[in-house]
J.: 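Let me begin by handing over the structure; questions about it come next.
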Amino acid sequence: MKTENKYLSAFQWFIYLLANSIALPIVIGNVFHLSAAEISALMQRTFFIVGLSSFIQAKFGHRYPITDGPAGSWVSIFVIFASIGTQQGLTMMETLQTLEAGLIVAGLILLLLGITKWVRHLLFLFTPIVSGTFLFILAIQLSGVFFKGMVSIDSNTGQMDGVSFLLAICIFFFIIVLSSKAKGWLKNYAILLGILAGWIIFIIFGKSHRSISIASADFIKLPEIFPWGLPTLTGGVLITAILFTFLLISNTIAAISAAEEAIPNNRGQFHDRLNGGTWIGGVSHLFSAVFSTIAVVPLPATAGFVRLTKQYRIIPFLFACGIMVIISLSPSIVGFLASLPLPVASAALLATLIEMLGIAIRSLTKQPLNDRNITIIGVSLLVGIGIMFLPDDIFNGLPSIIQNIGKNGLLVGTFLAIIFEQLWKPKE
């Protein structure tokens, strides 16, 4: 690989890391009514954790170029707990402190499973149908997050900004066309070109007005430790974290399997990669708790990015992770990068979900589509996706643990697939 191509690849990885890190901190900040300064600080800490976790995963964990990013699955837990905390009379900060404890519990379990290599004994639970179900529901869930991110609200009229939305749609199809029809470097750098072109177009149309400024006069600012306060463990968050750890294992398996499928001539050592990815995932969760951010996990959607861009090498990825960590320490640079229009980042990320959905479908169809398998897939997908459309307050008044599980379609759908697969054995 030529030096200039290596640097360009690293820059494209950096942009992808950045794009995956911008949206969800803003979502969580709004859910918990954080101030602009608190959202800014959360974004800075998120950039730091994303870069650090991605680096140590690629270097010491699963050793694949897989982006670690704020987990959409954890976002659903945060949103659910915000609602439950309000019902229980907790302040938003008190709720966030219980979530910090949940991250620590999940991190310790993952750390234990990875170091002892016990995680391999759970592999029988995560069949191709279970992994495919998880990826399919996750793709649907994330598509909603990214599609909402493409929709801007005009501050003057309070209605949808049609121009911004149309521009985001154009960026989405621009990336799709480049990645499928272009040749050579145009195809390999479709995501980077789409984001840069979209940013420029938004500036030209006067739509790049979102600005995140870090409230700090320091040129270098280290991330704070426990800015939300010290963790507070409750029974509800303990049980939720234990159950949710199975979903995190499924996420890691799906990310590694998807990377194996996306990266040619790189199969093998699955168990070693899973052990490493699991215990490093535990470390990442502990870091996320200490620095009060949304937990980061290996993003299965990265396989879609790899397939689109043909970015298989690990060195440019590590270089990009290092840049992410260094830049996160500079409040002024974080403020500038965070001004990347949310519709542009969301459109680019939505494009990568196409390949992720393809991986899910291939996983679901690895086994014959007989009556048993179709029933398991159908029930798991219909229930898991259907729960996403239920009103937020439908579980109000029920015990908190039922609310935590019942409101999470990804959790319910994946667990249904696991239960059916184990109880309904195929005929020999």
Side-chain angles (χ1 to χ4, degrees), residues 21 23-46 48-50 69-110 141 144-145 148 215 223-245 247-248 282 284-297 387-388 390-412:
S21 307
L24 296 185
I26 296 174
V27 171
I28 291 300
N30 289 328
V31 167
F32 284 90
H33 309 301
L34 301 182
S35 67
E38 288 171 330
I39 294 176
S40 302
L42 172 60
M43 186 170 289
Q44 183 190 10
R45 298 194 303 272
T46 301
F48 176 77
I49 292 297
V50 165
S73 50
W74 265 115
V75 168
S76 62
I77 295 293
F78 271 64
V79 172
I80 291 167
F81 266 81
S83 172
I84 295 173
T86 301
Q87 295 173 24
Q88 295 176 346
L90 298 177
T91 66
M92 288 301 180
M93 279 300 165
E94 288 171 340
T95 302
L96 288 170
Q97 289 162 16
T98 64
L99 287 164
E100 284 177 344
L103 296 180
I104 292 174
V105 171
L108 290 175
I109 295 174
L110 290 174
Q141 183 184 64
V145 174
K148 287 179 182 177
E224 296 179 66
I225 295 177
F226 292 123
W228 292 338
L230 294 177
T232 304
L233 185 62
T234 63
V237 79
L238 175 63
I239 297 173
T240 301
I242 293 172
L243 292 175
F244 200 68
T245 302
L247 204 61
L248 298 173
S284 298
H285 272 68
L286 295 177
F287 281 153
S288 298
V290 170
F291 293 105
S292 298
T293 67
I294 316 162
V296 298
V297 296
I387 284 176
M388 298 180 187
L390 292 176
D392 293 336
D393 58 355
I394 195 168
F395 292 100
N396 289 356
L398 296 176
S400 59
I401 185 61
I402 296 179
Q403 293 189 49
N404 297 338
I405 298 171
K407 290 183 177 181
N408 194 318
L410 182 61
L411 188 67
V412 172

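None of the values given here were measured: they were computed from a predicted structure.
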J.: Side chain to side chain donor-acceptor pair (under 3.5 Å) with S21: which residues, sequence neighbours excluded?
T.: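 None.
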
J.: Hey, are the side chains of L108 and H285 touching, using non-hydrogen atoms and a 4.5 Å cut-off?
T.: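 No, too far: nothing below the 4.5 Å cut-off.
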
J.: Between CG of L247 and CG of L410, what distance do you get to the nearest 0.5 Å?
T.: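 Rounded to the nearest 0.5 Å, the CG-CG separation comes to 4.5 Å.
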
J.: How far apart are the C-alpha atoms of F48 and F287, what are their side-chain angles, what is the distance that settles it, and do they pass the side-chain contact (heavy atoms from CB on, under 4.5 Å) test?
T.: CA-CA 10 Å; F48 176 77; F287 281 153; over 6 Å; no

J.: State, yes or no, whether a side-chain contact exists between E100 and S292 at a heavy-atom distance under 4.5 Å.
T.: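 They are in side-chain contact.
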
J.: Calculate, to the nearest 0.5 Å, the distance between atoms CH2 and OG1 belonging to W228 and T95 respectively.
T.: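 Answer for the CH2-OG1 pair, W228 versus T95, is 11.0 Å.
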
J.: Please say which of L99, V50, I49 ends up in a side-chain contact (heavy atoms from CB on, under 4.5 Å) with S288.
T.: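 Among the candidates, only I49 passes.
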
J.: Is T293 reaching over with its side chain to a backbone N or O of A289, donor-acceptor style, under 3.5 angstrom?
T.: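 Checking the backbone N and O of A289 against the side chain of T293, no donor-acceptor pair under 3.5 Å is found.
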
J.: With a 3.5 Å cut-off and sequence neighbours excluded, list the donor-acceptor pairs that the side chains of residues 229-240 form with protein atoms.
T.:
from	atom 1	to	atom 2	distance (Å)
T234	OG1	V237	N	3.4
T240	OG1	G236	O	2.8
T240	OG1	N404	ND2	2.7

J.: Can you tell if the side chain of L248 reaches within under 4.5 Å of the side chain of W74, non-hydrogen atoms only?
T.: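 Yes, close enough: below the 4.5 Å cut-off.
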
J.: Would a 4.5 Å heavy-atom cut-off, applied to side chains only, mark L286 and L103 as touching?
T.: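 They are not in side-chain contact.
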
J.: Can you name the nearest heavy-atom pair linking G102 to A241, along with the distance?
T.: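 Result for this residue pair: O-CB, 3.5 Å.
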
J.: Quick one: are R45 and I294 in side-chain contact, heavy atoms under 4.5 Å?
T.: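 No. Closest side-chain heavy atoms not under 4.5 Å.
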
J.: Do L90 and F81 have side-chain heavy atoms sitting under 4.5 Å apart?
T.: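 Of all side-chain heavy-atom pairs linking F81 with L90, none is under 4.5 Å.
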
J.: Test of understanding: with side chain to side chain donor-acceptor pair (under 3.5 Å), list the residues that count as partners of S284, not counting sequence neighbours.
T.: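 By the side chain to side chain donor-acceptor pair (under 3.5 Å) rule, S284 matches S53.
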
J.: Within the 4.5 Å heavy-atom criterion, are N408 and F244 side-chain neighbours or not?
T.: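 With C-beta onward as the side chain, the pair touches.
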
J.: Once rounded to the nearest 0.5 Å, what's the spacing between atom CE of M93 and atom CD of E38?
T.: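 Rounded to the nearest 0.5 Å, the CE-CD separation comes out at 4.5 Å.
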
J.: If I take atom OG1 from residue T46 and atom CD1 from residue I39, how far apart are they, to the nearest 0.5 angstrom?
T.: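 Rounded to the nearest 0.5 Å, the OG1-CD1 separation comes to 11.0 Å.
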
